[in-house]
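One structure is given here, and the rest of the page talks about it.
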Amino acid sequence: MNRRKKLSTAGGFALVLSLAIAGNASAMHIMEGYLPGGFCVAWGVLCLPFLGAGLRAMRNALKENRRVLPLLAMAGAFIFVISSLKIPSVTGSCSHMTGTGLGALLFGPGAVSVLGVIVLLFQALLLAHGGLTTLGANTFSMAVAGPFAAYGIYRLCQKGGVNRRLSVFLAAAFGDLFTYCVTALQLALAHHTDVSFGGAFLKFLAVFAPTQIPLAVIEGILTVLILAALETYAKPELRAAGFIKED
Amino acid sequence: MITIDRLCYNSKLRFVNAGEKFAFAVLTLCACVISRSFLISGFVLLTAGILTVWKGGIPASAYLKFLRIPLAFLLLSSLAIFLNVKERPMDLFALPLGSYYLTGSRASLFYALQLILTALASVSCLYFLSLNTPMPDLLAVLRRLHCPKLILELMLLIYRFIFVLFEISYAIRTAQNARLGNRDYRTSLKSFGALASALLIRAMKKSGALYDAMESRCYDGDIQVLDETYPPKRKEILGILVFEVFLYALVVAKKVLS
């Protein structure tokens, strides 16, 4: 496909769908049974090194101080609750934040990847978002790719001397966008019937864009608001979680 | 608070051995994903639905509502699968868009429909498990499967904390509404930020208090929970076995024939 054609594809879809959608926009969990068996296993295996590293880091932290255990569990429960609360959205439909960007900034991406698997499992079982066979793929996009991207962007912005609020916004919003791109990639890899892989990728991106792009912006704004409030009221807690390191 | 959690404690299949339910759900789920055919998916959807609603006593209206949850995702991704923008029209339909066509092929429509049915059947397996098995029972099954201890401990605590945090968040939301929060878009953004940060502060305070409470009750790195296990019944195991053998024979037959 040439560039113009790609653009018109994306534009056409966005137009049709922004007219058609009034339904609910949640974080993009791939639903149960939507990926073929091979892909389920492959994405799961791809997550294992990250989970292993996260677990090892957790064990070391626990060896030093057992008090970290309930703290980690609270962090997991916090991510679950934040991601299941309705957030204000422009269209009046119900949408949720992913909360993984916030989690990665507060607790570090390694811990969030382990907590993320548990949260995703609970979301599948208690809220019917996502599924058991797609747990690996969802873990990769939401608990590994998103948090690591958010954390990386935040550190990069801090090094580049961007002010803290802007870097938090960029980290959360782009972490969210990255999750959405990875999910589209996973769907396109598994399902491209009439078109090449690239065409399928663009189609999936275009179809979910009207819900996911506003969501990423809202997620960014909310993360900034939450961290700003925490910086005002809860410096010691932020220090305990590792978000503020100096002084 | 969480509808699935409330329903599963009232299920009539709640006291059936959790390992049996887990094995049934997971094996059936795998059969669906492997085969991806109309016949097998339809059969599984029907079986799991009947088991959950009739044997489990989950209200049919609630069950149907749950089946509608993934619909938005299904709809969007199916559109992405069978709609195309191409220079040449394809065999099912074509709408002219300038010099291009918004078009779709028979094969991809078939593919998308097959995928929708497979996904619905898989979701019904998942619902069979989650609507009939309380979370602590599932954790016991995972312990039997040698899931790492740290993960199990975290899961147990997270499961408990979810409800604690939900309760706090409802209280905060009520308080905010009483004080003119969530009036319009601006205030609801502000309210949500305040809610989440207050929630995190409370969560951290609670976790400190919880550790003190656990330590004063002789916590030494192991959370001991009394397991309520219900022994498996021979009749149920036999039933599951027959069903799975039949299902997998169907899957194999389908693969061989096509």
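In what follows, every chain begins at residue 1, and chains take the letters A, B, ... in the order their sequences are listed. Values below: every heavy atom of this structure, side chains too, minus hydrogens, waters and symmetry copies.
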Quick one: what part of [X] sits under 4.5 Å from any heavy atom of chain A, side chain, backbone, both or neither?
X	answer
K205(B)	side chain
R173(B)	side chain
Y159(B)	both
S169(B)	side chain
A203(B)	both

Which atoms of [X] come close to chain B, meaning under 4.5 Å heavy atom to heavy atom: side chain ones, backbone ones, both, or neither?
X	value
L187(A)	side chain
L102(A)	neither
S84(A)	side chain
F204(A)	both

Measuring from [X]:[atom1] to [Y]:[atom2], what's the distance to the nearest 0.5 Å?
X	Y	atom1	atom2	value
H191(A)	Y111(B)	NE2	OH	4.5 Å
L230(A)	M204(B)	CG	CE	8.5 Å
S188(B)	L222(A)	OG	CG	9.0 Å
M97(A)	F192(B)	CE	CZ	5.5 Å
L142(B)	L121(A)	CG	CG	7.0 Å

### Task
State, to 0.1 Å, how close M155(B) and F122(A) come at their nearest heavy-atom pair, and which atoms those are.
O-CZ, 3.5 Å
### Task
Would you please name every residue forming a salt bridge (Lys or Arg N to Asp or Glu O under 4.0 Å) with R56(A), sequence neighbours left out?
none
Exercise answer: donor-acceptor pairs, residues 64-83 of chain B side-chain atoms, under 3.5 Å, sequence neighbours excluded:
unit_1 : atom_1 : unit_2 : atom_2 : d
S77(B) : OG     : Y34(A) : OH     : 3.2
S77(B) : OG     : F73(B) : O      : 2.6
S78(B) : OG     : L74(B) : O      : 2.6

Greatest number of heavy atom pairs closer than 4.5 Å to chain A - which of [options]:
options	result
I201(B), L138(B), N182(B)	I201(B)
L156(B), L154(B), L157(B)	L154(B)
T133(B), L150(B), D5(B)	L150(B)
I151(B), I34(B), L195(B), T118(B)	I151(B)
S130(B), S197(B), G193(B), G208(B)	S197(B)

Any chance [atom1] of [X] has more than 12 other-residue heavy atoms, nucleotides or ligands included, within less than 6.0 Å?
X	atom1	answer
R143(B)	CZ	yes
R202(B)	CZ	no
Y101(B)	OH	no

Can you confirm whether [X] sits close enough to [Y] that some side-chain heavy atom of one is under 4.5 Å from a side-chain heavy atom of the other?
X	Y	result
L199(B)	F78(A)	yes
L200(B)	I226(A)	no
L210(B)	R67(A)	no
I4(B)	L125(A)	no
L129(B)	L132(A)	yes
M74(A)	L165(B)	yes

When [options] are compared by non-hydrogen pairs under 4.5 Å with chain B, the top option:
options	answer
I118(A), L225(A), I221(A), T133(A)	I118(A)
I82(A), I30(A), L69(A)	L69(A)
A73(A), A228(A), A124(A), G33(A)	A73(A)
G37(A), A229(A), A128(A)	A128(A)
L115(A), V119(A), L35(A), L55(A)	L55(A)

### Query
Passes side-chain contact (heavy atoms from CB on, under 4.5 Å), V33(B) versus E32(A)? Steps please.
CA-CA 9 Å; V33(B) 173; E32(A) 185 73 282; 5.8 Å; no
